[in-house]
Peer 1: 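One structure coming up, written as structure tokens, with questions to follow.
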Amino acid sequence: MSVGDLDSRLRLIKVATDATEKKLKKLYEDEVLNILRSDMEATKRNLYVVIFDTRHSDSFLACAKLRPMQPKTTKKATKMRTIVALVSCVFLASAGTVPEFKEFKAENLRTDQQFWKNIARDELYEALRVRQNYGKAKNVILFIGDGMGPNTITTARIYKGGETNRLAFERFPHMGLLKTYSADQTVSDSSSTATALLCGVKANRGTFGVDASVGFWDCPGSLRPEARLESLASIALKAGKSAGLVTNMRITHSTPGPLYAHSAQRNWECEAKMPESVRACKDTARQLIEDFPGRDLNVILGGGRQAFLTDVTQTPEDPIDSWGCVREDGRNLIEDYRLDKQRRGLRAAVVNNNLELNSLNLNNTDYLLGLFANTHLKYEHERDTGPNGTPSLSQLVEAAVTVLRKNEKGFFLMVEGGNISMAHFRGRAKKAIMETLAFEQAVMKAMEMTNEEETLIIVTSDHAFTLNINGYQRRGQSIFGIAMTSPHDHRNYTTLSYSVGGPGSFHYDIETGNDGTQQIVRRDPSTDDIEDENYEQIGAIPLDESGHGGNDVTVYARGPFSHLFHNIHDSHYVYTAVSYAAEIGDFVRPRRNN
């Protein structure tokens, strides 16, 4: 069930205050449990209730499905059941229940004056409730939707709930724009753009964790102490906080890399891709296990086992990725991780699948390493959810926060939704949008598990892709469907397309006319299954794969000092704003609020 599935018959109920919520929970807990235990599928007539919590910027919490009222139900009983419905939604949210997503289906879209006025008034009242939180950010969670540019978010919003919908993080009270250029390029790669976010300095393309004095492949330059950058994880650990990373990519990949490593070549994930001339530099996997801050990260969850083990085992379900690095030096860095934690007397665990993660007592675990695949984790809708399968991004976030929040001084956590980018690289827009919605679920999980008064949550991207939303589709139609017929070549075209794309985005054929002349014509997408998740939208310029775009990306924030994101900022500003809000790094001393 999702917000997008609810039509004009829905009742929107707002929870006004903390006091009301707590009182209702206490009074009606038994009734709530009875509803949750009931057979909801037996309901013949459904009453849907969507709860919005005004204290959290109208963020979506949960929906509950109730049995229909009996004909002789008294007014008092009706009121009681409504209250129980409200409380049950709160309980579902607190229990971490995430509604199943279904594609938005338009029915009788409203266009009357009052409809538009109501939307505007609701947004006005929401704006009037916004306040600035000047408290210290005990915890910081930085979500990076890799490749999640503005058009990706717009498409996901429409796909989920129509044009008037908003994603959970779009309801955060504060937002801005980030400029994503690197030190040497207007449109750059993830390693340099992630370095800006996580280390506070613009770097050159292909490098991470080092400043712009280090060029691509410049191993000697990357070894100079003055060129090495301190990440948000590093300064959080030095402040006594816990720190961790969650990704559905290889944990040695370009976005998580700068959180703990310093490299002149993003592909040096293990030693096998490093020629002898650069062996003075340490590969990324070794830096994670052997050096500060990697060895002291409390949580490391993602993929990329093949960079940590020699002779790693592969299966049809878990293949070795030739694009990534496969370790060949005989080392077992996972065992090195275990031994290091044993020598230091630390409570640590290593997990490889759902069963091992779900069986682990996270409350008795202070250091957690999870490598769930040889390479990147599979797309959310393709992953094995069984005991031997891999967790979702939301489940990884839940595990990470459970481990990290035990520290009374707080924590820093970076979460990457990398499969958004992977799908865009393939030119498969629908798959990228599905991953964006899985990423949103992870954000919602973090919202459920943390207190807005003390936790700063930031949602942004490292860069965009060249996804376009073309005119002039009618409102309510599938965002992946046909926009209209071109008045030039008289063929249909899709609402979504890319500026650049791989071979599959070349949608042109040679046709021979009745007179024997040949001409190049654009293929009509109506002949393809354009709703399929693997459909590759047309690209204007053919490359070996789709590529990054130079758009500014949006940044959304809620919690202490979230109002620092208010304008158009350089991407490396995120590091400084987080440092200030959490009083770490250059801002470790108490500040004056003036």
Peer 1: Does a donor on one side chain sit under 3.5 Å from an acceptor on the other, for Asp189 and Ser192?
Peer 2: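 Looking only at side-chain atoms, Ser192 and Asp189 do form a donor-acceptor pair, the distance falling under 3.5 Å.
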
Peer 1: Between Phe465 and His463, does the ring centroid distance fall short of 6.0 Å?
Peer 2: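 Ring centroids of Phe465 and His463 are less than 6.0 Å from each other.
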
Peer 1: Look only at the side chain of Arg383 and the backbone of Thr390, and say whether a donor-acceptor pair between them is shorter than 3.5 Å.
Peer 2: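 A pair under 3.5 Å: yes.
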
Peer 1: By side chain to side chain donor-acceptor pair (under 3.5 Å), which residues pair with Arg426, not counting sequence neighbours?
Peer 2: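 Expected list: Glu545.
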
Peer 1: Is a salt bridge present between Arg428 and Glu533, judged by a nitrogen-to-oxygen distance below 4.0 Å?
Peer 2: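 Salt bridge between Arg428 and Glu533, a charged N being under 4.0 Å from a carboxylate O: no.
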
Peer 1: With distance as the sole test, does Asn165 use its side chain to make a donor-acceptor pair with the main-chain N or O of Arg157 at under 3.5 Å?
Peer 2: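 Confirmed, Asn165 side chain pairs with Arg157 backbone.
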
Peer 1: Can you tell me how far apart CZ (Arg347) and CG (Asn361) are? Round to the nearest 0.5 Å.
Peer 2: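 These two atoms lie 8.5 Å from each other.
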
Peer 1: Should Thr375 and Trp323 count as side-chain neighbours, where that means a heavy-atom distance under 4.5 Å?
Peer 2: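 Contact flag for Thr375/Trp323 side chains = no.
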
Peer 1: Could you go step by step and tell me if Leu368 and Leu360 meet the side chain to side chain contact (heavy atoms under 4.5 Å, CB included) rule?
Peer 2: CA-CA 10 Å; Leu368 176 61; Leu360 183 65; 3.6 Å; yes

Peer 1: If I compare all heavy atoms of Asp321 with all of Val326, which pair ends up nearest, and what's the gap?
Peer 2: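 Minimum heavy-atom separation between Asp321 and Val326: O-CG2, 4.3 Å.
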
Peer 1: Which heavy-atom pair separates Asp146 from Ser461 by the least distance, and what is that distance?
Peer 2: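 That closest heavy-atom pairing would be C-OG, 4.2 Å.
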
Peer 1: Partners of Phe411 by ring pair (Phe, Tyr, Trp, His ring centres under 6.0 Å), sequence neighbours excluded?
Peer 2: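 Ring pair (Phe, Tyr, Trp, His ring centres under 6.0 Å) list for Phe411, sorted by chain: empty.
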
Peer 1: Going by the rule side chain to side chain donor-acceptor pair (under 3.5 Å), which residues pair with Gln287 if we only count those two or more places apart in sequence or in a different chain?
Peer 2: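 Expected list: none.
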
Peer 1: List for me each residue that meets ring pair (Phe, Tyr, Trp, His ring centres under 6.0 Å) alongside Tyr535, sequence neighbours excluded, and say none if there are none.
Peer 2: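 With sequence neighbours excluded, Tyr535 shows a ring pair (Phe, Tyr, Trp, His ring centres under 6.0 Å) to His507, given in chain and number order.
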
Peer 1: Closest approach of Cys199 and Gly209, non-hydrogen atoms and distance?
Peer 2: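 Heavy atoms only, the tightest pair is SG-CA, 4.3 Å.
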
Peer 1: Locate the shortest heavy-atom distance separating Ala429 from Leu467; write the atom from each residue and the value.
Peer 2: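 Scanning both residues, the minimum pair turns out to be CB-CD1, 4.0 Å.
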
Peer 1: Checking side chain to side chain donor-acceptor pair (under 3.5 Å) against Lys431, which of Glu382, Glu380, His424 comes through?
Peer 2: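 Result: among Glu382, Glu380, His424, Glu382 is the only option passing the side chain to side chain donor-acceptor pair (under 3.5 Å) with Lys431.
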
Peer 1: Taking CG in Asp311 as the centre, count heavy atoms belonging to other residues, nucleotides or ligands within less than 6.0 Å. Is the count above 12?
Peer 2: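 It does not: Asp311 CG has 12 such atoms or fewer within range.
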
Peer 1: Show your reasoning for whether ring pair (Phe, Tyr, Trp, His ring centres under 6.0 Å) applies to Tyr367 and Tyr337.
Peer 2: CA-CA 10 Å; Tyr367 291 84; Tyr337 175 90; 7.7 Å; no

Peer 1: Can you tell me if Lys241 uses its side chain to pair, donor with acceptor, with the backbone of Lys138 under 3.5 Å?
Peer 2: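 Yes, the answer is positive, given that a donor and an acceptor are paired below the 3.5 Å cut-off.
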
Peer 1: Which atom names give the shortest non-hydrogen contact between Ala577 and Phe565, and what distance separates them?
Peer 2: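 Heavy-atom minimum between the residues: CB-CZ, 3.7 Å.
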
Peer 1: Who are the side-chain contact (heavy atoms from CB on, under 4.5 Å) partners of Asn358, not counting sequence neighbours?
Peer 2: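 Residues passing side-chain contact (heavy atoms from CB on, under 4.5 Å) with Asn358: Asn354.
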
Peer 1: Between Val578 and Leu142, is any pair of side-chain heavy atoms under 4.5 Å apart?
Peer 2: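 They are not in side-chain contact.
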
Peer 1: What disulfide bond (SG atoms under 2.5 Å apart) pairs are there with at least one residue in residues 287-316, not counting sequence neighbours?
Peer 2: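 Disulfide bond (SG atoms under 2.5 Å apart) check on residues 287-316 returns no pairs.
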
Peer 1: Within the distance-only criterion (no hydrogens, no angle test), does the side chain of Thr180 pair as donor or acceptor with the backbone N or O of Asp462 below 3.5 angstrom?
Peer 2: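 No, because the side chain of Thr180 does not come within donor-acceptor range (under 3.5 Å) of the backbone of Asp462.
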
Peer 1: Using a 3.5 Å distance criterion without hydrogens, assess whether the side chain of Asp318 forms a donor-acceptor pair with backbone atoms of Asn374.
Peer 2: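 Yes; at least one donor-acceptor contact below 3.5 Å.
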
Peer 1: Thr195 versus Leu198: any side-chain heavy-atom pair under 4.5 Å?
Peer 2: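 No, every pair of side-chain atoms sits at 4.5 Å or beyond.
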
Peer 1: From Arg295 CZ over to Leu346 CG, what is the distance, rounded to the nearest 0.5 angstrom?
Peer 2: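 Here the rounded value is 11.5 Å.
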
Peer 1: Run the salt bridge (Lys or Arg N to Asp or Glu O under 4.0 Å) test on Glu271 and Arg331 for me, step by step, so that the C-alpha distance in whole Å, both residues' side-chain angles and the decisive distance to 0.1 Å come before the verdict.
Peer 2: CA-CA 10 Å; Glu271 95 300 339; Arg331 301 283 298 271; over 6 Å; no

Peer 1: At what distance, to the nearest 0.5 angstrom, does OG1 of Thr450 lie from CG of Leu404?
Peer 2: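 Going from the OG1 atom of Thr450 to the CG atom of Leu404 covers 12.0 Å.
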
Peer 1: With a 3.5 Å distance limit and no angle check, can you tell me whether Glu269 reaches the backbone of Cys325 through a side-chain donor-acceptor pair?
Peer 2: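 No, because the side chain of Glu269 does not come within donor-acceptor range (under 3.5 Å) of the backbone of Cys325.
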
Peer 1: For Ser254, which residues count as a side chain to side chain donor-acceptor pair (under 3.5 Å) partner, sequence neighbours excluded?
Peer 2: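 Per chain and number, Ser254 pairs via side chain to side chain donor-acceptor pair (under 3.5 Å) with Arg266.
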
Peer 1: Quick one, Lys238 with Ile584, criterion side chain to side chain contact (heavy atoms under 4.5 Å, CB included). Give me CA distance, side-chain angles, the key distance, then yes/no.
Peer 2: CA-CA 8 Å; Lys238 289 182 178 180; Ile584 56 179; over 6 Å; no

Peer 1: Among all residues two or more places apart in sequence or in another chain, which pass the ring pair (Phe, Tyr, Trp, His ring centres under 6.0 Å) test with His376?
Peer 2: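 Applying ring pair (Phe, Tyr, Trp, His ring centres under 6.0 Å) to His376 gives His253.
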
Peer 1: If I take atom CD1 from residue Ile479 and atom NZ from residue Lys160, how far apart are they, to the nearest 0.5 angstrom?
Peer 2: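 Result: 16.0 Å between the selected atoms.
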
Peer 1: Tell me, do Leu232 and Met414 make a side-chain contact under 4.5 Å, heavy atoms counted?
Peer 2: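 Side-chain contact under 4.5 Å: no.
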
Peer 1: Within a strict 4.5 Å, meaning less than it, do heavy atoms of the Asn419 and Met249 side chains meet?
Peer 2: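 Yes, at least one pair of side-chain atoms sits under 4.5 Å.
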
Peer 1: Taking side chain as C-beta onward, heavy atoms only, is Val210 less than 4.5 Å from Ser263?
Peer 2: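 The answer is no; the side chains never approach within 4.5 Å.
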
Peer 1: What residue pairs, at least two apart or across chains, pass disulfide bond (SG atoms under 2.5 Å apart) with a residue in residues 335-367?
Peer 2: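 Those involving residues 335-367 do not exist here.
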
Peer 1: Nearest 0.5 Å, please: how far is CZ in Arg286 from CG in Asp336?
Peer 2: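 Interatomic distance, Asp336 CG to Arg286 CZ, rounded to 0.5 Å: 9.0 Å.
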
Peer 1: Is a donor on one side and an acceptor on the other found under 3.5 Å between the side chain of Ser231 and the backbone of Leu259?
Peer 2: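 Yes, because the side chain of Ser231 sits within donor-acceptor range (under 3.5 Å) of the backbone of Leu259.
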
Peer 1: Taking the side chain as C-beta and beyond, is there a heavy-atom pair between Thr247 and Thr255 under 4.5 Å?
Peer 2: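 They are not in contact (no side-chain heavy atoms under 4.5 Å apart), so the answer is no.
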
Peer 1: Locate the shortest heavy-atom distance separating Ala399 from Leu301; write the atom from each residue and the value.
Peer 2: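 Result for this residue pair: CB-CD1, 4.3 Å.
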
Peer 1: State whether a side-chain donor-acceptor pair under 3.5 Å links Arg327 with Thr310.
Peer 2: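 Looking only at side-chain atoms, Thr310 and Arg327 do not form any donor-acceptor pair under 3.5 Å.
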
Peer 1: May I ask you to decide if Ala168's main-chain N or O and Glu440's side chain share a donor-acceptor pair within less than 3.5 Å?
Peer 2: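 At least one qualifying donor-acceptor pair exists.
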
Peer 1: Does anything in residues 401-414 form a side-chain hydrogen bond (donor to acceptor under 3.5 Å, both in side chains)? List the pairs, not counting sequence neighbours.
Peer 2: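 Non-adjacent pairs meeting side-chain hydrogen bond (donor to acceptor under 3.5 Å, both in side chains): Ser242-Asn407.
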
Peer 1: Quick check against the 3.5 Å criterion: does Ser394 have a side-chain atom that pairs as donor or acceptor with the backbone of Ala442?
Peer 2: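 Side chain of Ser394 to backbone of Ala442, a donor-acceptor pair under 3.5 Å: yes, one is there.
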
Peer 1: Could you tell me which residues satisfy side chain to side chain donor-acceptor pair (under 3.5 Å) with Tyr556, sequence neighbours excluded, listed by chain and number?
Peer 2: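 With neighbours one apart ignored, the set is Thr554.
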
Peer 1: Main chain of Ala243, side chain of Asn298: is a donor-acceptor contact present, judged purely on distance under 3.5 Å?
Peer 2: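 Looks like yes, one N/O pair under 3.5 Å.
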
Peer 1: Under the side chain to side chain contact (heavy atoms under 4.5 Å, CB included) rule, what do Met148 and Ile153 come out as? Steps first, then yes or no, please.
Peer 2: CA-CA 7 Å; Met148 191 181 70; Ile153 294 174; 3.7 Å; yes

Peer 1: Taking C-beta and beyond as the side chain, do Phe143 and Leu393 meet within less than 4.5 Å on heavy atoms?
Peer 2: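 The answer is no; the side chains never approach within 4.5 Å.
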
Peer 1: Phe412: what forms a ring pair (Phe, Tyr, Trp, His ring centres under 6.0 Å) with it, not counting sequence neighbours?
Peer 2: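 Not a single residue meets the ring pair (Phe, Tyr, Trp, His ring centres under 6.0 Å) criterion with Phe412.
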
Peer 1: Any chance you could measure Leu333, atom CG, to Thr252, atom OG1, to the nearest 0.5 Å?
Peer 2: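 Reported to 0.5 Å precision, the distance equals 10.5 Å.
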
